[in-house]
Each structure stands twice: as C-alpha cells, then as structure tokens.
Amino acid sequence: MKPHWKKKETRGASGGHGSRPGQHRTGQYSSPLASSSGNETVVEGVIQHKGTFAFLLSEKPGVEDVFIRGRGLDLAMDGDRVQARVRPEKTGRLAGEIISVVKRARTSMVGILKRVKNDWVLFPEKGNAPPALVSGFAPKVVPIEGAFAVLEVTRWPTPGAGAAGLVKEILGDPGDMRARIDAILRARGINETFPPEVTAQAVSFGARLEPAQWQDRESLIDLPICTIDGADAKDFDDAVSLEDLGGGLLRLGVHIADVAHYVKTGTALDAEAYARATSVYLPDRVVPMLPPALSDNLCSLVPR
C-alpha cells in the first residue's frame with residue numbers, strides 16, 4: 001500500500017544515504033582533506049565497478065566523477081564505498097586509485113551462474129564487473145547453467161583473489177519474467193518477507209474491524225464512500241464522498257487508509273515501515289511497506 005502517514009526522511013537501500021548512492025557522512029565532497037599532499041587528495045565515495053576500471057561518483061554538484069584504475073580495483077566491488085588517492089591529469093580529468101574499502105555495499109550478489117572448466121562462477125548480467133567464484137551451494141540448491149543465482153559473499157576481494165561465496169538460491173532463467181523480477185529485488189536488497197515480530201504485531205489487530213474498535217475514533221461509515229482505484233489496482237486506499245450540506249453547499253471528502261492508528265512510533269511496525277520507506281510496485285506484484293494483514297485488509301478500503 002502507498003504510505004499516507006507523514007513521511008519521515010527516507011533513506012536509500014544502498015546504505016542509508018540520500019537520493020544518490022554514497023552521500024558522504026558530512027554531506028560534502030571530500031576535497032581537500034588533511035591527508036592531501038601536493039596535487040593529490042584523498043576522497044571518499046561510492047564506485048561503479050567496470051572490471052578493468054571504475055568511476056568514483058561525485059557527491060557535489062558541478063564536480064565530475066573520478067576515473068579509477070590500478071591494483072586497488074581488486075579490493076572493491078560494485079557499489080562499495082571507498083577511499084581513493086586522486087590527482088588531476090594533464091587533460092584536467094580527475095583520476096585516482098583505491099587505497100581502502102570503507103564500507104561494503106552488500107553481502108550478497110546476483111548474477112548468471114556459469115560453468116568455467118571445473119568451477120562454477122557467478123557473472124554479473126551486465127557490465128564488466130568482476131565475477132565471483134562459487135565455493136559451494138546451500139543445501140537443496142541444485143546448480144543450473146545460465147540461471148539467475150544469489151551468492152552470499154564469504155570471501156571479499158583481495159589483491160590476489162576475487163570474491164567468492166555460497167550460492168544460496170537459484171532464481172530461474174533470465175528469460176522468465178518472474179525470475180528477472182526476483183533478481184531485481186534480491187540485487188537491491190528488497191525483502192518480500194517481514195520479520196516475525198512485525199508480522200505478529202500486524203496480525204494482533206485481528207482480521208476484522210469490530211464495533212468495539214470504533215470507540216474514540218471518528219466514524220464515517222454512514223457516508224456513501226466510493227473507492228477511486230481501478231479494478232486492477234494493486235491496493236485500495238483512496239476514496240471520495242460527496243455530501244449535500246444544503247444551501248447550495250457540497251462537501252467533498254477525500255479518504256485515505258488510517259495507517260497511523262496501527263503504526264505507533266517506536267514499535268516494530270514503525271521501524272520496519274521506516275526502513276522500507278515505501279511500497280515497491282512491480283509488473284507482477286507489490287512488495288508492501290506494511291504486512292498484508294494491514295496493507296491488504298485493515299488499512300485497505302474494502303467494501304462494507
């Protein structure tokens with residue numbers, strides 16, 4: 001369901017930052033720092049890894065991305081937050097080399113599973129980011145050549161070896177729409193399941209809104225209210241009503257789901273909704289901000 005309560009500041013799934021991945025902890029682009037020397041400056045940011053090179057994304061308007069190369073590329077993975085030693089080239093372009101990884105972007109990878117000689121290897125579907133060696137498979141996971149797979153990283157890249165990990169899930173053929181959407185969700189860390197304590201709290205309100213629960217709440221149940229979401233909508237949480245007040249006056253009511261009645265500050269539901277920030281709408285499904293007991297029932301404007 002769409003959140004109708006007052007939104008708090010939302011944070012991206014890529015590590016709790018703003019609209020662009022890798023916002024610096026001070027909110028500013030790190031140039032220069034105390035560690036700078038001559039024309040060299042140590043900067044920090046998120047990288048887009050292209051295999052034989054990378055880009056450190058600028059976090060300040062008007063400042064270009066930094067071209068990254070060198071042996072330090074072996075240390076980082078796509079989306080990692082790194083520190084790099086940067087200097088301007090003769091062309092004026094900023095270029096540099098990674099000196100350390102500050103924060104890993106994720107603990108798992110999604111890619112295409114392929115057989116290379118006697119090894120299984122997970123390759124990114126797009127781009128030239130480095131592949132990861134498969135060190136094993138979780139119980140009941142059967143490898144399928146060419147399938148989307150989710151690998152849990154057990155060894156981070158080093159100067160002498162790439163990443164490696166355990167394949168914990170086979171998602172299916174890349175040509176299958178459901179498998180592709182599953183891969184998108186896994187790659188972005190969007191979880192379709194809720195923690196048990198969050199589900200339990202949502203279920204604790206019951207499946208029906210009993211009259212006893214109306215106490216101390218304004219009731220609009222006698223108004224002729226019509227939902228405005230289409231028949232094929234993925235949720236029903238917007239509605240309107242029209243009242244004749246006499247004297248030529250009409251009152252238009254715009255109604256939304258009463259989420260705040262159920263989601264109280266400091267609860268497990270509140271923390272989970274804050275972490276998710278919004279529902280995610282996909283061609284074949286919705287990953288809701290709140291558990292189905294609320295999003296599909298008590299906080300959905302169902303008939304009667």
Side-chain angles (χ1 to χ4, degrees), residues 12-15 17 20-22 45-57 65 67-82 98 101 103-193 276 280-287:
S14 61
H17 301 286
R20 183 152 194 180
V46 171
I47 66 163
Q48 287 183 345
H49 208 305
K50 303 296 183 180
T52 57
F53 64 95
F55 290 101
L56 188 146
L57 301 179
D65 296 341
F67 181 77
I68 299 293
R69 58 193 170 197
R71 291 180 298 174
L73 283 170
D74 296 337
L75 302 175
M77 299 170 65
D78 187 53
D80 284 351
R81 190 170 187 82
V82 304
I98 295 171
V101 176
K103 184 178 181 180
R104 297 293 181 182
R106 54 189 64 88
T107 58
S108 63
M109 300 172 58
V110 178
I112 305 295
L113 193 62
K114 296 183 180 180
R115 189 76 171 176
V116 180
K117 296 183 179 180
N118 295 324
D119 295 317
W120 286 99
V121 180
L122 189 78
F123 287 85
E125 184 188 15
K126 296 179 180 179
N128 298 314
L133 180 67
V134 175
S135 58
F137 294 86
K140 299 182 180 180
V141 172
V142 179
I144 300 176
E145 175 86 22
F148 274 130
V150 181
L151 179 140
E152 182 178 358
V153 179
T154 57
R155 185 187 72 200
W156 299 108
T158 67
L166 182 75
V167 172
K168 59 181 182 179
E169 191 176 6
I170 300 293
L171 301 178
D173 189 282
D176 179 74
M177 176 61 73
R178 184 168 186 85
R180 180 163 292 279
I181 292 176
D182 285 343
I184 291 172
L185 292 174
R186 302 297 192 279
R188 285 157 179 77
I190 299 173
N191 196 345
E192 293 186 85
T193 61
R276 290 174 179 252
V280 179
Y281 293 82
L282 298 155
D284 67 339
R285 75 195 84 167
V286 176
V287 181

Inset, instruction - Mind checking the OG1-CD1 spacing from T52 to I68? Nearest 0.5 Å is all I need. - result: 13.0 Å
Inset, instruction - Supply the atom-to-atom distance R178 CZ to R285 CZ, rounded to the nearest 0.5 angstrom. - result: 4.0 Å
Inset, instruction - Give a yes or no on whether the backbone of D78 and the side-chain of R106 come within a donor-acceptor separation of less than 3.5 Å. - result: yes
Inset, instruction - Identify the heavy atoms of P124 and P131 that sit nearest to each other, and give their distance. - result: CD-CA, 4.1 Å
Please list, one pair per line, the donor and acceptor atoms closer than 3.5 Å that link side chains of residues 143-156 to other protein atoms, with sequence neighbours excluded.
from : atom 1 : to   : atom 2 : distance (Å)
E145 : OE1    : R115 : N      : 3.0
E145 : OE2    : R115 : N      : 3.3
T154 : OG1    : A164 : O      : 3.4
R155 : NE     : G162 : O      : 3.1
R155 : NH2    : G162 : O      : 2.8

Inset, instruction - Kindly compute the distance separating CG (L122) from CG (L133), expressed to the nearest 0.5 Å. - result: 10.5 Å
Legend entry - Salt-bridge contact K140-E169 (side-chain N to carboxylate O under 4.0 Å): no
Inset, instruction - Over 60° means perpendicular and under 30° means parallel, so classify the ring planes of F67 and F53, tilted if in between. - result: parallel
Legend entry - Option from I190, V286, I184 for which side chain to side chain contact (heavy atoms under 4.5 Å, CB included) with V280 holds: I190
Legend entry - Gap separating the NZ atom of K114 from the CG atom of D119, nearest 0.5 angstrom: 15.0 Å
Inset, instruction - Among D65, V46, V82, find the residue that satisfies the side chain to side chain contact (heavy atoms under 4.5 Å, CB included) test when tested with L56. - result: V82
Inset, instruction - Working to the nearest 0.5 Å, report the span between CG of D182 and CD of E192. - result: 6.0 Å
Inset, instruction - Look at the side chain of H49 and the backbone N and O of L73, then say whether any donor-acceptor pair between them is shorter than 3.5 Å. - result: yes
Legend entry - Note: K103-D80 ion pair, threshold 4.0 Å (strictly below): no
